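Here is the structure we will look at.
All figures in this text were calculated on a predicted structure; none of them were measured in a lab. All chains are named by letter (A, B, ...) in the order of the sequence lines, taking the proteins before the strands, and each is independently numbered beginning at 1.
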Amino acid sequence: MIEEENKLIKRRIEKLEEIKALGIDPYYNGFSPEYFLNDILNKYKDIDSEKLKSINTNFKIAGRIISIRDFGKAAFLKLKDVSGTLQVYCQKNVLGEQYALYKKLDVGDIIGIEGNVFKTKTQEVTINATKLHLLTKSIRPLPEKFHGLQDKELRYRQRYVDLIVNDDVRETFFKRSKIIALIREFMINNKFLEVETPMLHKLVGGAAAKPFVTHLNALDIDMYLRIAPELYLKRLVVGGLERVFEINRNFRNEGMDLKHNPEFTMMEFYCAYKEYNFLLDFTEELFDYLLNNLDLGKKITYGGLEIDFSRPFKRIKFIDALKEIGELTDDIISDKDQCLKLALQLEKKVDENTSHAKILAELFDALVEPKLINPTFVTHYPVEISPLAKKNKQDPLFTDRFELFIANMEIANGFSELNDPFDQKERFIKQLEERNKGDEEASMYDEDYIVALEYGLAPTAGEGIGIDRLVMLLTNNTSIRDVILFPLMK
RNA sequence: GGGUCGUUAGCUCAGGCGGUAGAGCAGUAGCCUUUUAAGCUAUUGGCCGCAGGUUCGACUCCUGCACGACCCA
């Protein structure tokens, strides 16, 4: 990479050599800062500049140089570290011999500074450098100081550069970290146990999706990257870990767009002795917890939409949503041929072999989902497309299941878990039939999971929440790539 | 998968009835010890995404490809 013919890089490598010639190690690692830059700023921003002169304010700090304003015999440098930025003043008559080192520095270099705090004419807290340490010479020029890095492709591919120059990106990922920490806190407060289950699966299950295939050399077998942790988490409930959750990656071999990345983060949790109604309230509580702790209030703006999280969220049955929001009639909904015709008109990938329920789900995606802005629980999904959910007592064609939609995105999916091993066996067989008909997203038959159910799964409610999409909502990013540090790029 | 648009200096962007390209920042040389996108003077820097075609001549027009963004599915 370095051999590239770039004059700016060449010049920086020359400076590197000149620094070595001065007897200085350009990658010296014996210096450790005592404070974050923001700590110094906060400590002194409200202290009078006269008073500053009378107190001892000698500090060791470090950071990357993000700007230099040079006056010949003095200069202002702006340093940046993980906490923020702080200005440093370098004067020739103070630094003496070390001023020669200063003259070899560039924007992008990482330096350590020892010096005293003072305030400039404009009252900016600044460190007057008495000692300068070069910690890392940077030989690649950073993007322009004013516009930063705009090229989306470069930003995703070279996220490290994006993070150096674009503060809003840093904020998004700080916030992502905080959101996940809050979720974890909320779950643990509610007596859930955090667990980790396998990423490498021998069978595909727990969701409707095409898997990634990989190979295990030791056993010479193909394996699948998991599409969901569901079946393992429920095995743990069988094992008596009555409340479990996992925040981790799932992999689905599907298209990529603003809402889909092939690997994405989900939280799944299972709670014994509860049913799906509990999950609706629990999910609302989780949102409350997040919004409160992030100081977002009840209404947020997302991509130009106003979203109202006031409780209770709207609740509507799947079929009612098709009627009231999708504007379909009972006659159409109950007639598979008419549904198929309509789905084909909407250019959905369906054919005669597609089940009635799956066609309805496609119609829902096309006609209802685009209209769901405020948080909405859609409940009672058809049993054929809910192979792991318990049937509804009143109407066994439907299940005790819901999905939560916000801003036209599916955010969560939960249900009363099917714990009848005989029923589960039949559903698996139905899935196999769908698979044989060509549905590559249908699940496989998981014999051991049936055995686990035969030992007895307590009545359990379970839910998955898409963390990336949740972060999108709470950080006002309309592309999933903007909430994933290293999104998949071709 | 389909459509639209984009790809020009390290970065951010202009430009062109077809005649080998410009600015700001960055860099370099100089002046400047309280700047805030510091200022002033001078100046270096380009396979105009890749490949082919049309043409006396292509960075510009045409075709294909790659990568990306957005829209649709």
Side-chain angles (χ1 to χ4, degrees), chain A residues 1-2 4-16 18 41 49 52-53 65-80 85-96 99 102-109 115-130 138-158 160-162 164-167 210 253-260 303-304 342-351 362-363 365-367 369-370 408 477-482 487-490:
Chain A
M1 283 294 149
I2 283 168
E4 281 172 37
E5 300 251 329
N6 180 304
K7 297 262 162 55
L8 299 180
I9 293 177
K10 272 189 181 160
R11 179 58 194 132
R12 283 176 176 231
I13 293 173
E14 278 169 29
K15 284 184 183 172
L16 182 80
E18 289 161 14
L41 191 66
S49 61
L52 270 176
K53 289 173 190 165
I65 302 172
I66 56 163
S67 77
I68 298 176
R69 283 187 277 274
D70 188 293
F71 293 86
K73 295 188 184 67
F76 288 99
L77 313 184
K78 191 139 275 181
L79 292 195
K80 185 175 195 174
T85 62
L86 189 68
Q87 182 165 261
V88 171
Y89 192 41
C90 291
Q91 295 176 94
K92 191 174 183 181
N93 62 353
V94 174
L95 283 170
Y99 207 68
Y102 158 71
K103 282 292 183 187
K104 306 282 180 213
L105 296 181
D106 289 294
V107 170
D109 291 352
N116 305 297
V117 176
F118 76 105
K119 278 186 169 177
T120 63
K121 277 180 187 169
T122 53
Q123 299 305 304
E124 178 161 350
V125 175
T126 303
I127 297 259
N128 187 25
T130 52
S138 164
I139 58 171
R140 277 185 190 268
L142 285 175
E144 199 220 6
K145 59 186 168 189
F146 188 55
H147 298 94
L149 188 64
Q150 299 291 329
D151 186 301
K152 286 236 173 195
E153 181 173 2
L154 280 180
R155 291 179 57 185
Y156 298 140
R157 288 187 196 278
Q158 293 186 282
Y160 42 93
V161 179
D162 194 26
I164 291 169
V165 298
N166 292 327
D167 284 336
K210 287 186 215 168
N253 209 340
E254 296 164 347
M256 296 157 59
D257 60 38
L258 288 179
K259 298 174 189 173
H260 297 84
L342 185 54
L344 289 169
Q345 274 169 21
L346 294 163
E347 298 184 56
K348 288 289 180 184
K349 282 178 199 156
V350 289
D351 56 47
E362 294 285 352
L363 292 177
D365 283 352
L367 302 172
E369 187 177 309
N408 315 319
N477 278 297
T478 52
S479 168
I480 198 167
R481 286 182 158 178
D482 289 324
L488 191 109
M489 300 291 282
K490 198 169 176 182

Any strand counts, and the cut-off is 3.5 Å on both contacts for Watson-Crick or G-U wobble. Which nucleotide pairs with [N]?
| N | answer |
| --- | --- |
| B:rG18 | none |
| B:rG68 | B:rC5 |
| B:rA37 | none |
| B:rG45 | none |
| B:rA23 | B:rU12 |
| B:rU63 | B:rA51 |

Within the 4.0 Å heavy-atom criterion, would you say [X] contacts the bases, only the backbone, or no part of the nucleic acid?
| X | value |
| --- | --- |
| A:Lys121 | base |
| A:Asp151 | sugar-phosphate |
| A:Tyr89 | base |
| A:Leu346 | sugar-phosphate |
| A:Asp365 | nothing |

Using atom [atom1] of each nucleotide, how far apart are [N] and [M] to the nearest Å?
| N | M | atom1 | result |
| --- | --- | --- | --- |
| B:rC47 | B:rC32 | C1' | 41 Å |
| B:rG49 | B:rC67 | C1' | 8 Å |
| B:rU55 | B:rC62 | P | 16 Å |
| B:rG1 | B:rA58 | P | 35 Å |
| B:rA14 | B:rA23 | P | 16 Å |
| B:rG64 | B:rG46 | C1' | 25 Å |
| B:rC72 | B:rC56 | P | 46 Å |
| B:rG45 | B:rG24 | P | 16 Å |

Taking 4.0 Å as the cut-off, does a side-chain nitrogen or oxygen of [X] come that near to OP1 or OP2 on [N]?
| X | N | result |
| --- | --- | --- |
| A:Arg140 | B:rG10 | no |
| A:Arg157 | B:rC67 | no |
| A:Lys78 | B:rU36 | no |
| A:Lys349 | B:rA73 | no |
| A:Lys104 | B:rG27 | no |
| A:Lys145 | B:rC11 | no |
| A:Lys152 | B:rG68 | no |

Can a donor-acceptor pair be found between the side chains of [X] and [Y] at a distance below 3.5 Å?
| X | Y | value |
| --- | --- | --- |
| A:Tyr102 | A:Asp70 | yes |
| A:Tyr99 | A:Asn93 | no |
| A:Gln150 | A:His147 | no |

Return the nearest nucleotide to the side chain of A:Phe76; candidates are B:rG27, B:rG68, B:rU34.
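The nucleotide sitting nearest to the side chain is B:rU34.
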From the list B:rU33, B:rU28, B:rU35, which nucleotide is the closest neighbour of the side chain of A:Asn93?
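Taking heavy atoms from C-beta onward, the closest nucleotide is B:rU33.
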Do A:Phe71 and the base of B:rC32 stack face to face, with centres under 5.5 Å apart and an angle between planes under 30°?
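It does not: the ring fails the test against the base of B:rC32.
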Check the chi torsion on B:rU20 and let me know: syn if it falls within 90° of 0, anti if not.
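Chi for B:rU20 falls in the syn range.
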Working to the nearest 0.5 Å, report the span between CD1 of A:Ile66 and OG1 of A:Thr85.
5.5 Å
Want to settle it: does A:His147 or A:Arg12 sit nearer the 5' end of RNA chain B, counting the closest nucleotide to each?
A:His147
salt_bridge(A:Arg157, A:Asp162) N-O dist < 4.0 Å:
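Looking at A:Arg157 and A:Asp162, the cut-off is not met.
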Just say parallel, tilted or perpendicular for the rings of A:Phe71 and A:Phe76, cut-offs at 30° and 60°.
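Rings of A:Phe71 and A:Phe76: perpendicular, as their planes differ by over 60°.
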Looking at A:Lys210, I want to see if its NZ is surrounded by more than 12 non-hydrogen atoms of other residues, nucleotides or ligands under 6.0 Å.
no
Distance-only donor-acceptor test (3.5 Å): side chain A:Asp70, base B:rU35:
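No pair found.
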